[in-house]
> 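Structure incoming, see below.
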Amino acid sequence: MATKLGLSAILVDVERTHGAGTVIRQASVEHHDCSGKLQGWVCYAAVETMCAGRSHAVTAWIAHVTGGTESAPLISVQVMTEEEEPEFLSCPPYVLECLTATSCPRANTWRRKTASKITEVYGYRMKIDVSPIGERSVSLVLSTEQNSVEIIKTPKLTGEEFDRTYEEFVTSYKMSSIC
C-alpha cells in the first residue's frame, strides 16, 4: 500500500509541476528511526520528464509515507525531489543508475551521498549461471544484511542471444558488480 500511495503522490506532483512524467524504475524502502522503530516507508522513483520541451531528463523523486498503523492511523505523504537534497539516502542502485546528468549542485550532492551509502547498505551484483550443456542465464541480485532478492532473471540463453542480453544488462545496470 505504501508503494502505491507514494508513487501516486509522486505522479500527481510531477504532473502538477511538469505537465507529465513517466516512472522508469521505482522502489520502496522501510524507514526506521535510530532505535530501529519503523517510521514509515520511502518510495524512490526515477521519473522521466521533458526539459523545456526539447530533451528528456530522468530525475529522482522521493515520497516519505508515514502512518497507517494502529499507533499512528493518519497517513501522511511528503513528496520531494533530489534537488531539495532530502535526508533519505537509501535509494537502491537500480533506481539511482537511471538518472541523467544534472547541473543542480544539491541534486549532485544527494546523488553522491546516496551512491556512497549504497556500498554500505547493498550488495548489488550481476550473476551468470551456466548449465551443464552450456546455456547461460543472467540475474541481478540485490542483497542487504537480512536477505537477498533476485530482481531480474533471464531465461537460459545461448550464443548471440546471451551476448546481446548480457550487453543490455551491463549497459542498464552500471552500478552492479559482476560475479
Side-chain angles (χ1 to χ4, degrees), residues 1-18 21-49 57-102 104 106-127 139-153 169 172-179:
M1 179 186 84
T3 301
K4 288 181 183 179
L5 189 59
L7 275 178
S8 296
I10 286 171
L11 288 173
V12 165
D13 215 43
V14 167
E15 189 171 316
R16 183 180 59 76
T17 58
H18 289 80
T22 304
V23 174
I24 306 298
R25 287 191 192 144
Q26 60 84 24
S28 282
V29 177
E30 289 183 348
H31 179 240
H32 298 271
D33 65 14
C34 297
S35 68
K37 183 180 176 192
L38 181 65
Q39 295 295 303
W41 297 265
V42 181
C43 183
Y44 296 95
V47 179
E48 182 178 41
T49 56
V58 180
T59 57
W61 289 68
I62 300 97
H64 184 216
V65 181
T66 56
T69 63
E70 196 172 301
S71 62
L74 292 177
I75 295 174
S76 168
V77 180
Q78 177 189 10
V79 176
M80 60 211 90
T81 70
E82 63 182 334
E83 293 176 353
E84 298 170 60
E85 199 180 330
E87 66 182 83
F88 306 105
L89 302 174
S90 296
C91 182
Y94 56 90
V95 174
L96 194 62
E97 67 196 359
C98 291
L99 308 179
T100 55
T102 180
C104 176
R106 294 184 79 185
N108 282 322
T109 299
W110 180 82
R111 290 179 184 190
R112 245 187 332 277
K113 287 178 183 176
T114 303
S116 68
K117 194 153 172 52
I118 285 172
T119 55
E120 295 173 26
V121 178
Y122 298 108
Y124 183 54
R125 67 187 195 287
M126 207 179 306
K127 187 173 126 191
S139 55
L140 194 63
V141 180
L142 186 67
S143 305
T144 63
E145 286 181 10
Q146 292 82 20
N147 62 1
S148 289
V149 177
E150 202 169 60
I151 300 168
I152 300 171
K153 183 171 180 135
F169 262 66
S172 297
Y173 303 100
K174 302 175 205 73
M175 296 176 77
S176 64
S177 58
I178 300 169
C179 64

> Quick one: closest heavy-atom pair of Lys113 and Leu89, and the distance?
CB-CD2, 4.0 Å
> Whether Arg106 and Glu84 form a salt bridge (side-chain N of Lys/Arg under 4.0 Å from carboxylate O of Asp/Glu) is what I want to check.
no
> Is there a side-chain contact between Thr81 and Ile62 (heavy atoms, below 4.5 Å)?
no
> Answer yes or no: is there a donor N or O on one side and an acceptor on the other, between the side chain of Thr49 and the main chain of Gly21, under 3.5 Å?
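The answer is no, because no donor-acceptor pair under 3.5 Å joins these two groups.
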> Can you name the nearest heavy-atom pair linking Thr102 to Asn108, along with the distance?
O-ND2, 3.0 Å
> What's the separation between atom OG in Ser76 and atom NE2 in His64, rounded to the nearest 0.5 Å?
8.0 Å
> Where do Ser90 and Val29 come nearest, in terms of heavy atoms and distance?
O-CG2, 3.7 Å
> Roughly how far, to the nearest 0.5 Å, is CD of Glu85 from OG1 of Thr109?
5.0 Å
> Please report the interatomic distance NZ(Lys127) to CG(Leu140), rounded to the nearest 0.5 Å.
11.5 Å
> Classify the angle between the aromatic ring planes of His31 and Phe88 as parallel (below 30°), tilted (30 to 60°) or perpendicular (above 60°).
perpendicular
> Rounded at 0.5 Å granularity, tell me how far SG in Cys104 sits from CH2 in Trp110.
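Reported value, rounded in 0.5 Å steps: 12.0 Å.
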> Look up atom CD1 in Ile24 and atom OG1 in Thr100, then write down how far apart they are to the nearest 0.5 Å.
10.0 Å
> Would you say the side-chain atoms of Tyr44 pair up with the backbone N or O of Ser28, donor to acceptor, closer than 3.5 Å?
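Looks like no, no N/O pair under 3.5 Å.
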> Looking only at heavy atoms, which two atoms of Ala45 and Val95 are closest? And how far apart?
C-CG1, 4.0 Å
> Rounded to the nearest 0.5 Å, what separates atom CG in Leu96 from atom CZ in Arg111?
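Here the interatomic distance stands at 7.0 Å.
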